[in-house]
Amino acid sequence: MKQLNLMPAEPLPGSCFVRQAARAIVIRGNEILLLYTARYDDYTLPGGGIDENENIESALARELLEETGAKSVTSIQPYGIYEEYQHWYKPDFDTVKIISHCFLVEICGDFTAPQMESYEQANGMRPVWLPIKEAIAHNKYALKSSDKKGQSLQRETIILETVAKEFKLN
């Protein structure tokens, strides 16, 4: 898989642990399936952490079902990896190295209601289809001007820009 971040991730000081994550890139025509989070006013890819002893493709399908309600994943193709360090919010570690495995995913059939975790619901997270350029412009504006942006915003914007360029999405 290709490396999606152009610069190597720089470690942060303090104790660190590694978290593996799976992220879905689902394109339909000129639109992409994303999650809008009201708390941070941003767009992110569906996906999340891979549980211990969980297969990466199973984790991706589980996250898609939980966050978007997508019941039928018909294709999962590796796309790229994005590595980053972030400050950790719990007292057990200072930082986390997140390795995001990104996949091109095809889904079909009807969607069911998302089954988001309580913190996702509290943050006002909801699935949306929208043109990728709108999401990129929105996220870039948030990066520049928002005081409530989430730590993942830079990662998400870089991945979306890479996808838009490669697939010539307007």
Side-chain angles (χ1 to χ4, degrees), residues 1-10 21-49 56-57 59-86 98-114 116-117 119-170:
M1 277 205 273
K2 64 182 152 202
Q3 195 68 24
L4 297 175
N5 41 339
L6 302 176
M7 301 288 292
E10 290 292 324
R23 308 205 185 279
I25 300 164
V26 184
I27 300 169
R28 179 181 70 187
N30 206 33
E31 294 185 322
I32 187 165
L33 179 61
L34 297 172
L35 300 169
Y36 175 75
T37 304
R39 176 179 179 187
Y40 303 116
D41 189 28
D42 66 8
Y43 293 101
T44 59
L45 294 168
I56 195 167
E57 289 87 3
L60 189 64
R62 174 184 52 76
E63 289 286 346
L64 275 165
L65 177 62
E66 290 173 1
E67 295 179 343
T68 71
K71 295 189 293 186
S72 181
V73 175
T74 59
S75 174
I76 298 176
Q77 299 297 318
Y79 180 71
I81 295 175
Y82 189 96
E83 294 184 10
E84 65 190 305
Y85 289 88
Q86 291 186 9
I98 301 172
I99 303 172
S100 294
H101 303 267
C102 301
F103 295 87
L104 295 171
V105 177
E106 292 181 19
I107 53 179
C108 72
D110 295 330
F111 284 68
T112 187
M116 294 188 191
E117 295 185 44
Y119 77 91
E120 293 168 328
Q121 292 173 9
N123 287 340
M125 186 180 280
R126 62 181 169 84
V128 296
W129 288 97
L130 77 156
I132 195 168
K133 293 290 186 179
E134 283 183 32
I136 292 168
H138 183 94
N139 282 358
K140 281 184 160 184
Y141 180 78
L143 275 169
K144 190 169 48 172
S145 60
S146 177
D147 60 350
K148 63 179 184 175
K149 60 185 168 243
Q151 292 189 73
S152 62
L153 189 54
Q154 183 173 350
R155 170 193 68 225
E156 299 295 324
T157 305
I158 289 170
I159 295 170
L160 290 172
E161 287 177 321
T162 304
V163 170
K165 182 177 178 181
E166 184 170 332
F167 293 97
K168 298 175 178 48
L169 299 173
N170 296 328

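- Taking the six-membered ring for Trp and the full ring otherwise, Phe103 and Tyr79 have centroids separated by 6.0 Å or more.
- A heavy-atom distance below 4.5 Å is not found between the side chains of Leu34 and Ile132.
- The main-chain N or O of Ala21 is never found under 3.5 Å from a side-chain atom of Ser100 such that the two would form a donor-acceptor pair.
- Here the closest heavy-atom approach between residue Phe111 and residue Ala70 is recorded as CD2-N, 3.5 Å.
- In this structure, Leu153 CG and Lys140 NZ are separated by 11.5 Å, a value rounded to the nearest 0.5 Å.
- Atom CG of Leu143 and atom OG1 of Thr157 lie 4.5 Å apart (nearest 0.5 Å).
- Atom OH of Tyr141 has 12 or fewer heavy atoms from other residues, nucleotides or ligands within 6.0 Å.
- A distance of 9.5 Å separates CG of Asn30 from CD of Glu134, quoted to the nearest 0.5 Å.
- A distance of 14.0 Å separates CD of Glu166 from CD of Glu161, quoted to the nearest 0.5 Å.
- Shortest non-hydrogen contact noted between Thr37 and Met125 is OG1-CE, 3.5 Å.
- Here the straight-line distance linking atom CE of Met116 with atom CD of Glu63 works out to 10.5 Å at 0.5 Å rounding.
- Heavy atoms only, all atoms of each residue included: Lys71 and Asp110 are closest at CE-O, 3.3 Å.
- At least one side-chain heavy atom of Trp129 sits under 4.5 Å from a side-chain heavy atom of Val26.
- Side-chain atoms of His138 and Asp41, non-hydrogen and from C-beta on, do get closer than 4.5 Å to each other.
- The minimum heavy-atom distance linking Ser152 with Thr44 is given by the pair OG-CG2, 4.0 Å.
- Side chain of Glu67 to backbone of Gly47: a donor-acceptor contact under 3.5 angstrom is found.
- For the side chain to side chain contact (heavy atoms under 4.5 Å, CB included) test with Val105, the passing option among Ile25, Leu64, Ile27 is Leu64; the others fail.
- Taking CD from Glu106 and OG1 from Thr74, the interatomic distance works out to 5.0 Å, rounded to the nearest 0.5 Å.
- Residues Leu130 and Val128 share a closest heavy-atom pair of CD2-CG2, 3.6 Å.
- Residues Glu156 and Leu45 share a closest heavy-atom pair of OE1-N, 2.7 Å.
- At a threshold of 4.5 Å between non-hydrogen side-chain atoms, the residues Ile159 and Cys102 count as touching.
- Taking the side chain as every heavy atom from C-beta outward, Leu33 and Ile107 approach each other to under 4.5 Å.
- The shortest side-chain heavy-atom distance between Val73 and Leu65 does not fall under the 4.5 Å cut-off.
- Taking the six-membered ring where the residue is Trp, Tyr36 and Tyr43 present tilted rings, their angle falling between 30° and 60°.
- Side chain of Asn5 to backbone of Glu83: a donor-acceptor contact under 3.5 angstrom is found.
- When side chains are defined from C-beta on, Leu169 does not count as touching Lys133, because their heavy atoms never get closer than 4.5 Å.
- Side-chain atoms of Glu120 come within 3.5 Å of backbone N or O of Glu117 as a donor-acceptor pair.
- Residues Pro127 and Leu35 are in side-chain contact: their nearest non-hydrogen atoms beyond the backbone lie under 4.5 Å apart.
- Summarising the local packing, NZ of Lys165 is surrounded by 12 or fewer heavy atoms from other residues, nucleotides or ligands at distances under 6.0 Å.
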